[in-house]
Enquirer: 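Take this structure first; my questions come after.
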2 protein chains.
Amino acid sequence: MPLERRPDRKIGIKDVSREAGVALSTVSHVLNGTAPISQEVRVRVLEAARKLGYLAKRQRKGAIASLSTLYLAVPPGNLPHNDINLVSWTLLTALSRECERRGIRIVAHSGAPQLNATEILAGARAAEAEAIAVVFDDNPKLLKGLAGSDIAVVLLNGEDPTMSIDTVAPANRYGARLATEWLLANGHRRILHLTWRGRSTIMRRLDGFHDAYLQRDLSTDLGEVLCAKGYEPEHAREALRAFVAERGGLDGFTAVFCAADNLAIGALTELQALGFRIPADIAVVGFDGVAPGDLTQPSLTTVRVPLDALAAATIQALEQRLSGAGRDQPAARIELGCRLIERESGGSSIVG
Amino acid sequence: MPLERRPDRKIGIKDVSREAGVALSTVSHVLNGTAPISQEVRVRVLEAARKLGYLAKRQRKGAIASLSTLYLAVPPGNLPHNDINLVSWTLLTALSRECERRGIRIVAHSGAPQLNATEILAGARAAEAEAIAVVFDDNPKLLKGLAGSDIAVVLLNGEDPTMSIDTVAPANRYGARLATEWLLANGHRRILHLTWRGRSTIMRRLDGFHDAYLQRDLSTDLGEVLCAKGYEPEHAREALRAFVAERGGLDGFTAVFCAADNLAIGALTELQALGFRIPADIAVVGFDGVAPGDLTQPSLTTVRVPLDALAAATIQALEQRLSGAGRDQPAARIELGCRLIERESGGSSIVG
DNA sequence: CTGAAAGCGCTTACAG
DNA sequence: CTGAAAGCGCTTACAG
C-alpha cells in the first residue's frame, strides 16, 4: 500500500512551521499579517503551507458552512447514449464527486419533462436545500423564475443573457478560437465548421471560429459553416455526404472543425467512407474531449472542456453567494479555459 | 456620531449564538457540519452569522494570507480627462479601496509607455509582490509573456483570447444586449449603435447589440452600426453630423445606443444642436455609468458597469490562485453583470 | 526572527 | 438541541 498523504490528517501551523523551518509564531504572523516578516521567509512559509494543503484547508473551512444540500435540476434525457450526453453525464459525475468531497448532499429534481421554476423551487424547499444548480438549460422563463428566490441558484453549462443568476461554463468562444487558430497556424486556410442549431453556447463556438480568421486579418469567407440537422454522428455524416456530393469533393477545404466530438465522430466515419485519408486529405478537430482518445480511428484531436474545474467552480460560486459576502453583488458569469488535446485526426502541429 | 456597527469588533460564534438564540455548541455544529441539526435551526444560525458578518469574516480569513503586495500595471495615459479614462480612474480607485480594506499594499508599475512583460515581472519582483494586476490592456504578447511566470496575474477589464491568465471584466455583451432589448421592448425598431474601433471588449458590446435583434427574430439590418473615429465626444458629434447630413435627417432611427457614455455625451450635444429633442425625437442610451447622472441635459440613461464588484473579484481571483487550491486549474474569465440605469435620455419605459 | 508561555476562541464529547 | 467542561489549535505579547 503506497504511503499516500491522507487528505486531511490534521495539518496545522505546527506542520507548516516544521516544513518551512521557522518558528510557530512566525507562521501565524505570516498567515495573518500581524507582524512585518521578510519577503524571503514569507514566501517560504506560504510555499510550505500551500504544499501541505494548509492554505487550501483554511480556505475550504471559510466556505464550508453554508451549503449542506444541493438541489440539482437537469432536463430529462441526459443519459449517456451519445457523446453530447456523455458530456452531460461526465459533468454530473464530476459535480457529484465534488459534492461528496465536501460533504454536500445532492438531491435530484424530478418533475415535468420541461423544467419549471415553480416546481423546482418547491422541490428545493421540500428537500431543505440551500442552493439549486440548473444544468444544461437556458430557458429564459425558467431562469427568470428562479432568479427572484431566496435560494442561491447557479446555471451550469448554459447562458443567462439577462445576467440575473450566476453561471459557470466552459469558455466556448475562446476554445473554438483556439482550435481554429491552431489549424490556421498549421497552414490550413479553408476550414469547414460543422455545427448545428443548438443552444446559444454552441453558437459561441461559431463566434470563436470567426474570431480566429479575423484576428489574422483573413476573410471569414475562407471558412465556411455547415449546419447539420442535429448533433448525432449520423447528422454529421448526412451533412458531409451532401456537402461532398454538391461540391464534387472537398472543394479545397483541408480541415473540418466540429462543434462537438459527437459530430467529429460522424465526420471521421463519413469522410473515411468517402475515401479521404485523415488527416492527410482532411484534418478533423472536435470539441468536448470527454470520450477516450482511442475511441476513434484515427484518434481525435479535440478541445477539452475542464469538467472537474467546472464542478468545483459551481460549488464555489454557490458558497460565495450563501456566505453573504456576495449578496447584492451583480451576477457573475465564470468561464473556464479549454485546452487543445493534440492527437492524430488534426494532423501534427508545425507550431511550437 | 451615528452608532455604526464597527467593521470587526471581534464577532465570534458567541455573538452568533446569542443572535440566533441557540447554544454555542449548536452554532459550531452548524458551521462545521459536525452534527445533524434541523434545517430550521441551521437556517436561523446561518442567517444570524451572515447578518453579523461572521460568515464573511471567516471567509475573508481563509483568503487573507497569501496576498500582501499587488503590483499594478496600467498603460500610461489613463488620467481622467474624459469619460473613458474616468472609467479607468474610477475602477482604479475602487481597486485601491478594496486593497486598503484588506490591508494589501499596491505598488504601481512605471516603465516604458508600451507595457512589456519582462519589465513588469522585474518590477513586481523588485517590489516583492505576489501578484500582478494588468488593467485595460490586452496586447497578446504582453499577456503571453506574463502567463508563464510564477507570480499570479490577473487581467482587469480586458480580454485574453488565449485564456492563459485569469480575467475579470464587465459582461459587455450581455450589458449591450440588455440596453438594446430595453429599447426594442419600448417599441424602438431602428436603433443606431454608435461605436468605434476600440479594443475587443468594445466589440463585445456590438455583439450584444446584434443579439437583442436576433433574439426577437428581427433582422439585424433594422439596426445599424455607426463607427466614430475615436471615443471622444467630438468623434461622436462628427460621426452623427455626417450621418444626418448624408441621410437628410434621422432616416427613421428613433434611438442611438452608444458603446460608451463618452460617445453618448457627444451624441446628446450634437443631436440637440441639430434641433432634435431627446428623447422625444430620438432616444440616447450610453454604456459605463460612471459619470454623475446630472452631468448632461437631459440626464443620461446608461448601462452601469459594477466597478466595486470588479475590484473585489480581482482580488479574490488572485487570492484563489495564490492559495494553491487553484494552481493547475484552467484560467477563468469572470464577467459581472451590468444594470440599466433609467434616466431621461432613453425615454420612459413602457415595460414592467 | 525565535521560543516559551499565557490566553482566547472554537471544537468536541457527553449527560440531560 | 442545551449547557458545562475539557481540550486543541491558533494568536499574541515579550524577552532574547
Side-chain angles (χ1 to χ4, degrees), chain A residues 5-66 68-69 102-103 128 130 323-324, chain B residues 5-66 68-69 102-103 128 130 323-324:
Chain A
R5 171 151 54 82
R6 265 174 289 172
D8 253 345
R9 198 199 46 82
K10 291 286 178 202
I11 291 150
I13 62 169
K14 211 167 132 185
D15 303 271
V16 176
S17 74
R18 196 183 329 105
E19 176 78 21
V22 299
L24 193 72
S25 50
T26 306
V27 174
S28 179
H29 284 134
V30 167
L31 291 173
N32 299 295
T34 39
I37 306 287
S38 80
Q39 188 68 5
E40 191 231 314
V41 172
R42 269 196 95 248
V43 168
R44 209 161 76 225
V45 169
L46 289 172
E47 196 55 33
R50 200 179 57 68
K51 194 172 135 201
L52 294 176
Y54 183 75
L55 284 187
K57 175 197 162 189
R58 205 169 148 130
Q59 189 161 272
R60 215 175 313 134
K61 200 169 178 183
I64 218 160
S66 30
S68 78
T69 302
R102 303 209 194 195
E128 306 199 315
E130 298 90 2
S323 83
Chain B
R5 171 152 53 82
R6 263 174 289 170
D8 254 345
R9 199 198 47 83
K10 289 288 179 204
I11 291 149
I13 61 169
K14 210 166 133 187
D15 304 271
V16 176
S17 73
R18 195 184 329 106
E19 177 79 21
V22 299
L24 193 72
S25 49
T26 306
V27 174
S28 180
H29 284 133
V30 166
L31 293 172
N32 299 296
T34 39
I37 306 285
S38 81
Q39 189 68 6
E40 191 231 314
V41 172
R42 270 196 93 246
V43 168
R44 209 162 75 226
V45 169
L46 288 172
E47 197 53 35
R50 200 179 56 70
K51 193 173 137 203
L52 294 176
Y54 183 74
L55 284 187
K57 175 198 163 188
R58 205 169 147 129
Q59 188 161 274
R60 214 176 313 133
K61 199 169 180 183
I64 219 161
S66 31
S68 78
T69 302
R102 304 209 194 195
E128 306 198 315
E130 298 90 3
S323 82

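Reminder, nothing fancy here: chain letters follow the sequence lines and each chain counts from 1.
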Enquirer: Give a yes or no on whether a salt bridge exists between B:R42 and A:E128, defined as a side-chain N under 4.0 angstrom from a carboxylate O.
Expert: no
Enquirer: Once side chain to side chain donor-acceptor pair (under 3.5 Å) is applied, do any residues pair with B:S25, and if so which ones, sequence neighbours excluded?
Expert: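 By the side chain to side chain donor-acceptor pair (under 3.5 Å) rule, B:S25 matches no residue at all.
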Enquirer: Side chain to side chain donor-acceptor pair (under 3.5 Å) with B:T69: which residues, sequence neighbours excluded?
Expert: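 Testing B:T69 for side chain to side chain donor-acceptor pair (under 3.5 Å), a comparison that skips the adjacent residues, returns B:R105.
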Enquirer: What stems show up for DNA chain C when you take Watson-Crick pairs (N1-N3 plus N6-O4 or O6-N4) and G-U wobbles (N1-O2, O6-N3), both under 3.5 Å, and require three or more consecutive pairs?
Expert: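 For DNA chain C the paired stretches long enough to count as stems (3 pairs minimum) are C:1-3 with D:14-16, C:5-12 with D:5-12, C:14-16 with D:1-3.
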Enquirer: Sorted by first residue and then second, give each salt bridge (Lys or Arg N to Asp or Glu O under 4.0 Å) pair with at least one member in residues 23-37 of chain B; sequence neighbours left out.
Expert: none
Enquirer: Which atom pair, heavy atoms only, marks the closest approach of B:Y54 to B:I11?
Expert: CD1-O, 3.5 Å
Enquirer: Which salt bridge (Lys or Arg N to Asp or Glu O under 4.0 Å) pairs, counting each pair once, include a residue from residues 18-35 of chain A, with sequence neighbours left out?
Expert: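 Of all non-adjacent pairs touching residues 18-35 of chain A, those that pass salt bridge (Lys or Arg N to Asp or Glu O under 4.0 Å) are A:D15-A:R18, A:E19-A:K51.
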Enquirer: Tell me, for nucleotides 2-16 of chain D in 5' to 3' order, what letter each nucleotide earns: B for a base near a protein heavy atom under 4.0 Å, S for only sugar-phosphate near one, - for neither?
Expert: BB------SBBB---
Enquirer: Can you tell me if B:R44 uses its side chain to pair, donor with acceptor, with the backbone of B:A20 under 3.5 Å?
Expert: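 At least one qualifying donor-acceptor pair exists.
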